[in-house]
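First listed ligand is number 1; within each ligand, the first listed atom is number 1.
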Amino acid sequence: MSQATNQSWGGRFSEPTDAFVARFTASVNFDQRLAPQDIQGSIAHATMLARVGVLTDDERDAIINGLNEIQGEIERGEFNWSVPLEDVHMNIEARLTEKIGITGKKLHTGRSRNDQVATDIRLFMRDEIDVIEVELKRLREGMIELADREAETIMPGFTHLQTAQPVTFGHHILAWQEMLARDHERLLDCRKRVNIMPLGAAALAGTTYPIDRHVTAELLGFDRPTENSLDAVSDRDFAIEFTSFASILLMHLSRMSEELVLWTSAQFNFIDLPDRFCTGSSIMPQKKNPDVPELVRGKTGRVYGHLMSLLTLMKSQPLAYNKDNQEDKEPLFDAVDTVRDCLKAFADMVPAIEPKKASMYEAARRGFSTATDLADYLVRKGVAFRDAHEIVGQSVAYGLKSEKDLSEMSLEELQQFSATIEQDVFEVLTLEGSVAARNHIGGTAPNQVRAAAQRAREALAALKAGA
Ligand code: ARG
């Protein structure tokens, strides 16, 4: 880091910035990550300035060539970032002037770092949203295919984490997929509000130069320029919205993680995760730990924290730009990185989940999970639901004493509790009969799971086509 005094605004100052204050106010150590977007924005700005006659074509070309060279220097790690130059914007501009002389100083005509940084962040967010969306789609596809494969696999469904009724594993995985479908909609909705261009708002009030903001917006792929210059330089609610999406998504991934952790335990023994997603213990040789889901569950907290940081950062800011906004970047960058990495981990891991079908089946069989089916059976034979509930309660009590599931009792044993019970009861007491009977849209029957997987596939494909 070079220690040269900042010349960009030195004109009205009578003494150099205190060395600590220079470090305290500088953002270059983290905002250099915005360099590609900063250069992209500057190239569009210079192109527009030439088109409206503020720069000559030669000046524009010198600026664009210089910026492209700087991009190369940054990519090759040759760029000398300077803390006294404060931030990514002034570092790049100073280097441009060093390379092409006085023309470099003309780039900043008709703009301010305030609209520049707002533009950079929006370009960055758009790029990252698109990367995140690819991973989210890949994860959803993996879930849909896993659900389709396991449409007939039976597991216990839970309420209060107690065995409730049998469900199919495919149905459970499609419940996860539904959560992600809503997250996906939230992400795409957020993108609409991200993709609006602040450039041209300048410091806060606009500029006296004859700029054409529609040209710049089009060059940068924005849907339109922002409506109000004061709002343009100060608004960060798109970042809050993204972090809110990220928090809800990670809350979902954390719930899934919790289930994966439980399911891989010896006590549940429902699934196996391939070794590549697990680690061992340095002391207990038998251990295989589900680190990936545990970490996703753990990382959820930091993203919630970033949402709180950004909300609090904005809550007292008067219009328009305030330096507070420099604090938006680190939470946002970390939220982006965390979401992307957690989605990648899940997208890699989910298709590799190996259900232990026999063990899941056994668990569903053990917990009297077809008790509701027996009650429904009695109701169909004319017994009032409350009486049916009582009869089944007695049957379960008997089963607990005799260590028999309902389906393991003989007809005579069952008839102790109700003479209405006949041979056909065994069709409903089996796990297969129980899940197959829930045969309506949104139900757990295997054919419904396959149909739901197909609808999910189509919905995802429609999103891909930009629908
Ligand atoms: N580094 C600043 C930020 O991240 C750029 C804008 C600075 N503008 C200013 N007037 N000091 O927000």
Side-chain angles (χ1 to χ4, degrees), residues 1-2 4-13 16-18 20-42 44-45 67 70 74 79 81-96 105 107-128 194 196-207 226 229-240 242-243 306 309-336:
M1 292 277 169
S2 110
T5 305
N6 192 328
Q7 296 301 312
S8 305
W9 37 252
R12 64 103 62 218
F13 285 77
T17 316
D18 177 89
F20 170 74
V21 171
R23 262 185 292 128
F24 185 69
T25 54
S27 54
V28 66
N29 285 328
F30 48 86
D31 71 12
Q32 55 182 267
R33 184 165 175 181
L34 295 173
Q37 289 80 16
D38 197 68
I39 289 172
Q40 186 188 0
S42 290
H45 182 65
L67 287 170
I70 292 170
I74 294 169
F79 193 91
W81 296 103
S82 152
V83 171
L85 285 170
E86 257 188 72
D87 56 25
V88 61
H89 324 291
M90 292 201 286
N91 268 267
I92 290 174
E93 194 189 313
R95 178 70 185 131
L96 181 67
K105 295 187 180 178
L107 169 62
H108 212 51
T109 312
R111 78 172 181 189
S112 150
R113 278 184 295 153
N114 297 351
D115 60 341
Q116 191 178 352
V117 71
T119 304
D120 291 2
I121 302 171
R122 284 170 181 269
L123 287 170
F124 171 82
M125 290 305 303
R126 190 181 69 190
D127 292 346
E128 295 296 330
V194 165
I196 297 168
M197 188 194 71
L199 203 60
L204 75 165
T207 176
T226 51
S229 64
L230 298 168
D231 179 49
V233 291
S234 68
D235 167 42
R236 296 292 182 273
D237 61 22
F238 63 90
I240 295 174
F242 173 83
T243 315
H306 298 323
S309 300
L310 292 174
L311 284 167
T312 313
L313 172 68
M314 289 310 295
K315 70 179 273 295
S316 305
Q317 286 194 48
L319 287 172
Y321 176 86
N322 302 283
K323 186 76 164 181
D324 310 42
N325 276 344
Q326 184 163 289
E327 286 290 306
D328 63 356
K329 289 167 201 63
E330 289 163 292
L332 196 53
F333 291 164
D334 190 67
V336 160

State whether a side-chain donor-acceptor pair under 3.5 Å links Arg111 with Thr119. no
Contacting atoms of ligand 1, where contact means under 4.0 angstrom from a heavy atom of Ser27: 1 (N)
Atom 1 (N) of ligand 1: which protein heavy atom is closest, and how many Å away? Gln326 OE1, 2.8 Å
Interfacing atoms of ligand 1 (cut-off 4.0 Å, heavy-atom, Asp87): 1 (N), 2 (C), 5 (C)
Tell me, which protein residue and heavy-atom name are nearest atom 7 (C) of ligand 1, and how many Å apart are they? Tyr321 OH, 3.5 Å
Distance from atom 10 (N) of ligand 1 to nearest protein heavy atom, with residue and atom: Asn114 OD1, 3.1 Å
Could you walk me through whether Asp334 and His306 pass side chain to side chain contact (heavy atoms under 4.5 Å, CB included), step by step? CA-CA 8 Å; Asp334 190 67; His306 298 323; 2.6 Å; yes
Whether the Gln116 and Asp38 side chains hold a donor-acceptor pair (N or O, under 3.5 Å, no angle test) is what I'd like checked. yes
Would you call Lys329 a ligand 1 contact, heavy-atom distance under 4.0 Å? yes
Identify the protein heavy atom lying closest to atom 11 (N) of ligand 1, giving its residue, its atom name and the separation to 0.1 Å. Arg113 NH2, 3.5 Å
Do any N or O atoms from the side chain of Glu93 and from the backbone of His89 form a donor-acceptor pair under 3.5 angstrom? no
Could you go through Glu86 and Arg113, starting from their C-alpha distance and side-chain angles, then the distance that decides it, and tell me whether this counts as side chain to side chain contact (heavy atoms under 4.5 Å, CB included)? CA-CA 11 Å; Glu86 257 188 72; Arg113 278 184 295 153; 3.2 Å; yes
Tell me whether the guanidinium CZ or amine NZ of Arg33 lies under 6.0 angstrom from the six-membered ring centre of Phe124 and within 45° of its axis. no
